[in-house]
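Report on the structure given below.
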Number of protein chains: 2
Amino acid sequence: MSTSLRRHGPSKGDLKQEAILDTAERLLAVKPLAEIGIEELAAGAAISRSSFYFYFESKQAMLRALVARVSDVLHAEVDSWRRDGDARQEIRRGIQAAARMWREHGAVLHATRSVEASQEIKEFVAGRTSRLVEVAVAIIDKTRADGLAPAGPPSAEALGAMLVEMTEHCLAMAHARNPTTIDDELVDTLVTVWTRGIFAADGSRTSE
Amino acid sequence: MSTSLRRHGPSKGDLKQEAILDTAERLLAVKPLAEIGIEELAAGAAISRSSFYFYFESKQAMLRALVARVSDVLHAEVDSWRRDGDARQEIRRGIQAAARMWREHGAVLHATRSVEASQEIKEFVAGRTSRLVEVAVAIIDKTRADGLAPAGPPSAEALGAMLVEMTEHCLAMAHARNPTTIDDELVDTLVTVWTRGIFAADGSRTSE
DNA sequence: GAGTTTTCTCGACACCTTGTCGAGAAAAGG
DNA sequence: CCTTTTCTCGACAAGGTGTCGAGAAAACTC
């Protein structure tokens with residue numbers, strides 16, 4: 001119900017709502033959602049704890065709004081992967097986009113991976129992941145159709161899902177180790193495993 | 001402090017302690033730790049909520065004991081990976097052992113991956129993971145030294161860490177989807193990605 | 001098997017956090 | 001100004017955690 005209580009117009013209350021989300025994103029960089037009290041979120045927006053409930057039903061609802069805010073940026077990222085013909089280029093760009101995402105909004109993405117996240121959030125994240133898997137599957141199918149990569153098994157679906165999950169998890173782990181820096185080496189290693197996993201070979205870009 | 005309060009002798013109280021852990025493992029298969037009240041754990045061992053605190057400092061301490069109990073089984077698994085010369089055999093066995101681990105104690109392993117798990121548990125899990133990475137690195141180094149696999153980059157450490165993390169995460173995801181069944185197809189796909197990631201090729205076992 | 005010590009149990013309490021309610025202040029709009 | 005909507009907060013109830021001390025139950029000693 002988060003925003004539906006509030007009618008319309010970009011007014012003073014909207015700023016408070018944004019302030020709550022800003023505070024949440026800032027605090028999530030420091031500690032998990034479970035350790036963030038509603039008191040803290042309210043204090044960050046200079047309102048009382050009770051007033052928090054005017055803007056959000058609960059902490060979970062607030063996280064949902066926060067994820068929605070980040071997902072707008074994310075969808076733009078996904079769409080920026082223009083197909084340019086070379087599968088390795090697409091893979092590298094995709095991984096780089098994901099790495100950038102984690103650098104900029106790692107705290108929020110990290111919170112969505114929590115076991116205690118609500119069902120709704122998990123479904124949202126699963127949907128986002130399956131979109132990425134679809135893109136990966138399309139790439140794999142294309143390279144196989146062109147005779148550049150060996151046919152399955154594994155199926156393009158199983159392989160694509162695994163590579164996407166590997167990427168997300170490795171970025172999450174890297175973020176957990178050091179939130180500010182995500183190695184270029186990590187990106188390179190991911191690209192290598194993707195390439196070898198799909199082509200069963202280190203291809204230099206011979207098709208160019 | 002969990003056990004240190006209790007002196008010695010395998011007595012009645014020990015059974016209660018085990019009963020608490022059994023109850024916890026059973027409940028973890030159904031819902032996350034955060035949703036399990038101490039009341040429930042105590043009820044499972046037929047004691048009052050207060051009495052729970054005689055056995056464990058807190059829910060986190062209880063989880064720690066539960067993880068320790070499972071880790072005994074796990075260490076035995078790791079040691080069962082006898083080196084038999086063929087890297088692909090070792091890889092397949094290791095992955096199968098991990099899959100079996102998840103089938104039998106997936107609920108506990110899942111709980112340790114939670115964001116809200118205590119620092120101590122995270123360190124324990126990190127230690128376990130790094131042991132597995134060491135084994136993977138040893139395998140990679142050996143195949144590279146034998147000229148069967150191309151040298152880095154990626155370094156054996158980066159590649160091994162990534163493959164181990166991929167495996168753990170994919171098993172965890174599969175467990176989350178359906179706790180009772182972990183696909184053979186998943187194991188096959190994991191083996192393929194390991195093989196291609198290390199050898200940069202689908203090797204039939206030519207060295208045999 | 002009585003006395004002593006250790007182990008174990010529980011009710012009562014203090015504390016913290018979440019979420020609701022209704023009274024009303026502050027802004028917006030006529 | 002008066003009305004409506006937006007926004008704020010103190011007070012309350014509910015539910016969970018963890019502590020304490022009194023004492024029951026078991027174990028151990030002689």
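Here is the naming used below: chain letters follow the sequence lines, and residue numbers restart at 1 for every chain. Just so it is clear, the model here is predicted, and its values are computed rather than measured.
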Next item on the list: Could you walk me through whether A/L190 and A/C170 pass the side chain to side chain contact (heavy atoms under 4.5 Å, CB included) test, one step at a time?
Entry: CA-CA 9 Å; A/L190 283 166; A/C170 285; 4.3 Å; yes
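- For A/K142 (side chain) and A/V137 (main-chain N/O), no donor-acceptor pair under 3.5 Å exists by modelled atom type.
- In this view, B/D183 satisfies the salt bridge (charged side-chain N to carboxylate O under 4.0 Å, His left out) rule with no residue, not counting sequence neighbours.
- Between the CD atom of A/E39 and the C1' atom of C/dG19 there is a distance of 13 Å, given to the nearest Å.
- For B/Y55 and C/dT9, the shortest distance from a side-chain N or O to OP1 or OP2 is below 4.0 Å.
- A straight line from CE of B/M62 to C1' of D/dT17 spans 14 Å, rounded to a whole angstrom.
- A close approach under 4.0 Å does occur between a side-chain nitrogen or oxygen of B/K16 and OP1 or OP2 of C/dT9.
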Considering only distance and modelled atom types, tabulate donor-acceptor pairs under 3.5 Å from the side chains of residues 102-111 of chain A, sequence neighbours left out.
from   : atom 1 : to     : atom 2 : distance (Å)
A/R103 : NH1    : A/I182 : O      : 2.9
A/H105 : ND1    : A/E25  : OE2    : 2.9

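- Here A/S118 pairs with A/Q60, A/E120, A/I121 under the side chain to side chain contact (heavy atoms under 4.5 Å, CB included) rule; sequence neighbours left out.
- Here the P atom of nucleotide D/dT8 and the CZ atom of A/F56 are 13 Å apart, to the nearest Å.
- At whole-Å resolution of the value, CZ in B/F52 and C1' in D/dG16 are 13 Å apart.
- Remark: A/S48 pairs with A/S50, A/S51 by the side chain to side chain contact (heavy atoms under 4.5 Å, CB included) rule, at least two apart or across chains.
- Applying the side-chain hydrogen bond (donor to acceptor under 3.5 Å, both in side chains) rule to pairs touching residues 32-41 of chain A yields A/K31-A/E40, sequence neighbours excluded.
- If you measure from atom CG of B/L15 to atom P of C/dT9, you get 11 Å, rounded to the nearest angstrom.
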Show the atom names and distances, to 0.1 Å, of all donor-acceptor pairs under 3.5 Å that link a side chain in residues 154-165 of chain B to residues at least two apart or in another chain.
from   : atom 1 : to     : atom 2 : distance (Å)
B/S155 : OG     : B/A158 : N      : 3.0
B/E165 : OE2    : A/R177 : NH1    : 3.4

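- In this structure, CD1 of B/I38 is placed 15 Å from C1' of C/dC10, rounded to the nearest angstrom.
- Using a 4.0 Å cut-off, some side-chain N or O of B/S51 falls inside it from OP1 or OP2 of C/dC10.
- Rounded to an integer number of Å, the gap from A/L41 CG to C/dG19 P is 11 Å.
- Applying the side chain to side chain contact (heavy atoms under 4.5 Å, CB included) criterion to A/A149, with sequence neighbours excluded, gives A/T143, A/R144, A/I198, A/F199.
- Within residues 23-32 of chain B, no residue has a heavy atom under 4.0 Å from DNA chain C.
- Separating the CD atom of A/Q60 from the C1' atom of C/dT18 is a distance of 13 Å, rounded to the nearest angstrom.
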Next item on the list: Scan nucleotides 20-28 of chain C nucleotide by nucleotide, 5' to 3', and note B when protein non-hydrogen atoms come under 4.0 Å of the base, S if they reach only the sugar-phosphate, - if neither.
Entry: B------SS
